[in-house]
2 protein chains.
Amino acid sequence: MNKKMSLDDQLEHVKHRVSEQIAENMKSYGYPATIGRVIAAIYYAGRALDLDELAEHTGMSKTRMSQVLREMTSYNIAEKEFVKGSRKDHYTVEEDYYQTFITLFTANWREVTIRNKKIEQKIMEELMEIYEDEEATPEIKAEAENLMEDSKASIRYFEWIERIVELFDSQDIFKYVPKDPLDEDKKAYRFKN
Amino acid sequence: MNKKMSLDDQLEHVKHRVSEQIAENMKSYGYPATIGRVIAAIYYAGRALDLDELAEHTGMSKTRMSQVLREMTSYNIAEKEFVKGSRKDHYTVEEDYYQTFITLFTANWREVTIRNKKIEQKIMEELMEIYEDEEATPEIKAEAENLMEDSKASIRYFEWIERIVELFDSQDIFKYVPKDPLDEDKKAYRFKN
DNA sequence: AAGTTTGTACAATTTAAAGTGTATATCGGA
DNA sequence: TCCGATATACACTTTAAATTGTACAAACTT
């Protein structure tokens, strides 16, 4: 049955597999799979696509395309591109894997740190009130103090996450984990082969 | 209404908030929220808990506890602890935030790299067959070559992810992004205050 | 101004994930 | 060997996320 497939169809099949693979990876990143399909469609088209073309390529509704592209532009992994003589919105995508990884990774974690720092602040205030309440027994005060220590430790942890985010966002990560294997490694590799 | 709450209840309320916060964070990590509630319950109990106690603390079914604890032990963020004279399984959890982050983060990404490298290998084989097919036109061959280049680039990217995972797993990340702010920063901070 | 084209709001549907309850296999003690 | 206690398999229900279709508003054309 596969034998009957034309070579063109086989190439299409490979592209489809890659597309699904990227889609699956998006799920692992914590984002909708459809984002991956959109990236693949635009990449293989080799040009900016409009919503109708994307719906066509992904086999999904135009509504969904609208939703997903909005999400993607909000994360800066897609952007509108002006196309002469067309009223439609055309979209291009970030094609650098590494940058896409960094962008999505940092967007997610920034959200986490912001949310948590807010909550920790509220918790701290709440604990302070309890601690300073005139009816607070020594036991109550001790417990409140424990929880405040926890909260402080938690804040330090989220500040660490913030610095991790900064490490990626600034591209400094490539200093410590380069895209290409080190030259020494390359040499060693060559000798072995 | 809040005014009527006893101080003890207020402390409980704070703990509950923290528990929900951790639960929410687990979702952001890409894991079930319940994992966070389990971590909080055991942490606040200050000792290993059994499935019934966990169901009690989280307000969930024992079945769910069984499922979640299995998942947690598989990720090495929970483990069984022997408790004298009890037939029940008691569980403790990793209490170091940083370690939990690293463990979950690396588990997720390791899975991703393994999955992708497998797929890329298959794709490479498929493309090779197409390329070497006697009926392949120059256009077909050129396209297959392009896709092979893509695949190679993709593999290099996942190897980079693997090295990122290794950076965290080996704890080397703390060399570049220390838990505690640097001494210089500390000093600067002191002077400002 | 009337008629098109386009994108998206909104409610409804589908699909996938989380969680439950009953039934059962396994184990340790009498 | 039987009994009670425990964890989990499995099928079912609930909840949340992804996706669609219809309707409409804004912008563009004539």
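We name chains A, B, ... by the order of the sequence lines, and we start the count at 1 in each one.
For B:Tyr44, there are no ring pair (Phe, Tyr, Trp, His ring centres under 6.0 Å) partners, not counting sequence neighbours. Listed by chain and residue number, A:Tyr97, A:Tyr98 satisfy the ring pair (Phe, Tyr, Trp, His ring centres under 6.0 Å) test with B:Tyr157 (two or more places apart in sequence, or in another chain). The salt bridge (Lys or Arg N to Asp or Glu O under 4.0 Å) check on A:Asp89 picks up A:Lys80, with sequence neighbours excluded. Shown here are the ring pair (Phe, Tyr, Trp, His ring centres under 6.0 Å) partners of A:Tyr31, two or more places apart in sequence or in another chain: A:Tyr75.
Protein atom CD of B:Glu71 is 12 Å distant from nucleotide atom P of C:dA17, rounded to whole Å. D:dA7 atom C1' lies 17 Å from atom CE of B:Met72, rounded to whole Å. Across the protein-nucleic acid pair, B:Met65 atom CE and D:dA7 atom P stand 13 Å apart, rounded to whole Å. Atom CZ in B:Arg64 sits roughly 15 Å away from atom C1' in D:dC12 (whole-Å rounding). To the nearest angstrom, C1' of C:dT13 lies 14 Å from CE of A:Met60.
Using modelled atom types, one finds no donor on one side chain facing an acceptor on the other under 3.5 Å when comparing B:Asn76 with B:Glu94. Between the side chains of B:Arg64 and B:Thr58, no donor-acceptor pair of N or O atoms lies under 3.5 Å.
Both A:Leu147 and A:Ile119 are members of a single hydrophobic cluster when ILVMFWY side chains are connected at heavy-atom separations under 4.5 Å.
A donor-acceptor pair is defined here as one N or O able to donate and one able to accept, closer than 3.5 Å; no such pair exists between the side chain of B:Arg17 and the backbone of A:Glu120.
Within residues 25-46 of chain A, no residue has a heavy atom under 4.0 Å from DNA chain C.
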- Message: At under 4.0 Å between heavy atoms, how does the protein contact nucleotides 2-8 of chain C? Give one character per nucleotide, 5' to 3', with B, S or -.
- Response: ---BSBB

